[in-house]
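Order of the sequence lines sets the chain letters (A, B, ...), proteins ahead of strands, with each chain counted from 1. Worth knowing before you read on, the calculation uses all heavy atoms, side chains too, and leaves out hydrogens, waters and symmetry mates.
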Number of protein chains: 2
Amino acid sequence: MGDSVLKDNRPAKQGRRPNALRTAETRKALIEATIECLCEIGYSRTTTHEISRRAKITAGALQHHFGKKDELILAALDTLMAEMSLVLDRAEHVEGTTRQKIDAFVDLLWSEFYADRRYMAVWEIVIGSRGESDLHPRVAMHRHASVEKCEDVWCRAFDLPRARDDPRVKALHFALNYLRGSAMLPIVPAGNADADGMQEALKDFLVHEFARHGK
Amino acid sequence: MGDSVLKDNRPAKQGRRPNALRTAETRKALIEATIECLCEIGYSRTTTHEISRRAKITAGALQHHFGKKDELILAALDTLMAEMSLVLDRAEHVEGTTRQKIDAFVDLLWSEFYADRRYMAVWEIVIGSRGESDLHPRVAMHRHASVEKCEDVWCRAFDLPRARDDPRVKALHFALNYLRGSAMLPIVPAGNADADGMQEALKDFLVHEFARHGK
DNA sequence: ACAAATACATTTTACATGTAATGTATGTTT
DNA sequence: AAACATACATTACATGTAAAATGTATTTGT
């Protein structure tokens with residue numbers, strides 16, 4: 001494609017787009033490729049070469065935008081967390097009985113995060129980065145913020161005080177533990193694959209905890 | 001140390017021990033070092049050089065006993081699974097009420113496996129090997145066998161038929177999901193760290209499931 | 001219009017990693 | 001006792017990987 005020819009004729013119309021736009025697109029492509037690699041081939045095999053190959057962007061461009069691999073990993077985590085935050089914001093405004101709200105909350109957490117293969121990237125980062133002394137502390141901070149956000153939304157949705165000792169807040173953590181373990185099932189091809197079928201049991205448990213501790 | 005001097009005087013008494021013994025010791029040291037690496041620095045950073053360094057055994061000896069790294073990983077998994085099997089065998093013979101048996105079972109699973117940092121190696125192998133097309137299928141088979149064993153013991157301890165659809169068997173899988181998710185907490189420094197405190201809730205749930213479905 | 005900055009692209013470098021190859025000391029078998 | 005096999009130890013090799021270094025085309029700022 002003779003850009004150099006067209007440039008002479010139409011300097012602004014057929015030339016390259018603005019750098020800000022290009023940068024955003026390149027970064028997005030890299031981050032998406034990173035997430036894809038983490039989900040499909042795991043943390044160990046997620047190399048800068050494989051990321052750039054999948055993103056159809058050269059190693060030089062990758063390096064220009066993300067000087068160190070850690071930056072790219074953290075950018076991917078930022079992206080996923082931002083998406084999660086948007087979804088959680090929706091959960092806060094569910095109306096109905098306690099049971100209905102619990103249903104909605106659990107369904108949302110499950111279908112939008114824990115069952116979504118895209119969010120496998122989070123677990124891969126969390127677990128895969130464990131031996132990285134520079135990276136893991138920052139990943140841990142992300143995780144902490146993520147659970148805090150979840151707790152915020154839970155407490156607001158059910159009008160609970162922000163108290164870690166409140167049994168209804170503890171019930172959320174029970175649910176998160178359970179969902180986390182369930183999310184690992186596709187990785188751990190063992191046990192009862194019918195994770196969906198057990199969501200009812202989890203919801204029953206949560207409703208039971210609310211009833212038991214007043215609300 | 002003048003071995004060559006002593007050898008002339010005491011050919012059988014001061015010489016090297018039998019090869020079978022040496023092999024067993026070397027392999028054990030390597031396997032233990034592998035488990036230690038996996039637990040402390042994760043799958044990504046568990047290299048043959050690091051393993052041999054920790055085991056105080058040269059790379060050549062490592063290679064002699066385990067020609068490929070995969071073999072060492074699988075040997076580590078075999079070892080952990082054998083240990084788990086012994087512990088599970090004990091769980092089968094617990095006596096008492098359903099509640100007491102559930103208590104004992106959950107406590108055992110938690111304290112001996114899921115809360116034990118040594119078994120973090122299993123999760124690291126399972127998750128870390130995900131992108132390894134040769135290794136992961138074999139790891140998956142291990143996991144499958146492990147859960148089968150657990151289910152066997154559960155069904156025998158509570159005199160249940162081996163039926164995947166039995167709600168009481170499903171309850172075991174619920175518990176396993178929960179425990180798996182809880183085991184990830186040390187990796188995922190987020191959420192309620194009081195995992196022990198929530199075991200009661202899990203036990204209550206299990207008892208409730210048994211009561212609900214007859215037994 | 002021109003200089004500076006930026007978004008890339010290509011090449012190079014330094015090191016890590018699993019495994020091959022070879023050598024040595026000693027146990028085991030004949 | 002000698003031949004053979006084994007448990008190591010050391011060295012070498014091939015490849016992968018993150019990041020440094022350098023080059024080119026274009027946008028941006030003055």
Side-chain angles (χ1 to χ4, degrees), chain A residues 1-8 10-30 34 37 41-53 55-74 128-129 131-132 134-135, chain B residues 1-8 10-30 34 37 41-53 55-74 128-129 131-132 134-135:
Chain A
M1 192 63 183
D3 271 11
S4 57
V5 179
L6 292 179
K7 190 171 73 173
D8 290 339
R10 311 179 171 190
K13 197 166 185 182
Q14 296 292 330
R16 239 162 45 165
R17 284 149 310 129
N19 279 352
L21 195 55
R22 296 165 61 81
T23 294
E25 288 183 4
T26 302
R27 286 178 69 95
K28 181 174 162 61
L30 288 168
T34 300
C37 283
I41 60 176
Y43 185 87
S44 273
R45 287 176 161 268
T46 296
T47 64
T48 52
H49 286 268
E50 184 60 23
I51 291 167
S52 63
R53 189 188 69 81
K56 297 185 174 64
I57 284 165
T58 61
L62 185 154
Q63 193 181 340
H64 173 76
H65 290 287
F66 299 98
K68 293 172 60 70
K69 185 180 174 184
D70 285 359
E71 288 174 37
L72 191 43
I73 299 287
L74 285 169
S129 71
E132 316 277 352
D134 291 341
L135 179 60
Chain B
M1 193 57 178
D3 272 11
S4 59
V5 178
L6 293 180
K7 190 171 73 171
D8 289 340
R10 311 176 174 193
K13 197 165 183 180
Q14 297 292 332
R16 232 160 51 160
R17 284 147 314 129
N19 279 352
L21 195 55
R22 295 166 61 80
T23 293
E25 286 183 6
T26 301
R27 287 178 67 96
K28 181 174 161 64
L30 288 168
T34 300
C37 284
I41 60 176
Y43 184 87
S44 275
R45 288 178 160 268
T46 296
T47 64
T48 53
H49 288 268
E50 183 60 22
I51 291 167
S52 63
R53 189 187 68 78
K56 295 183 173 67
I57 285 166
T58 61
L62 185 154
Q63 194 181 339
H64 173 76
H65 289 288
F66 300 97
K68 291 174 61 69
K69 186 181 173 183
D70 286 357
E71 288 175 35
L72 191 42
I73 298 287
L74 285 169
S129 70
E132 316 277 351
D134 291 340
L135 179 60

- prompt: CD of A/Gln63 to OG of A/Ser52: how many Å apart, nearest 0.5 Å?
  reply: 10.5 Å
field: Terminal axis angle for the helix from C/dA1-D/dT30 to C/dT30-D/dA1, five pairs an end, nearest 10 degrees
entry: 10°
- line: The reported gap from CD1 in A/Ile51 to NZ in A/Lys69 (rounded to nearest 0.5 angstrom) is 6.5 Å
Donor-acceptor pair, side chain of B/Thr47 and main chain of B/Glu50, under 3.5 angstrom: yes
Any side-chain heavy-atom pair of B/Leu72 and B/Leu30 under 4.5 Å: yes
- line: Here the gap from B/His65 atom NE2 to B/Arg22 atom CZ, rounded to the nearest 0.5 Å, amounts to 8.5 Å
- prompt: For B/Arg27 and B/Phe66, which heavy atoms make the closest approach, and how far apart are they?
  reply: NH2-CE2, 3.4 Å
Distance in Å, A/Thr23 OG1 paired with A/His64 NE2, rounded so as to fall on 0.5 Å steps: 6.0 Å
- request: Would you mind building the protein contact string for nucleotides 8-20 of chain D? One character per nucleotide, 5' to 3', B for base within reach (heavy atoms under 4.0 Å), S for sugar-phosphate only, - for untouched.
  value: BBB------SBBB
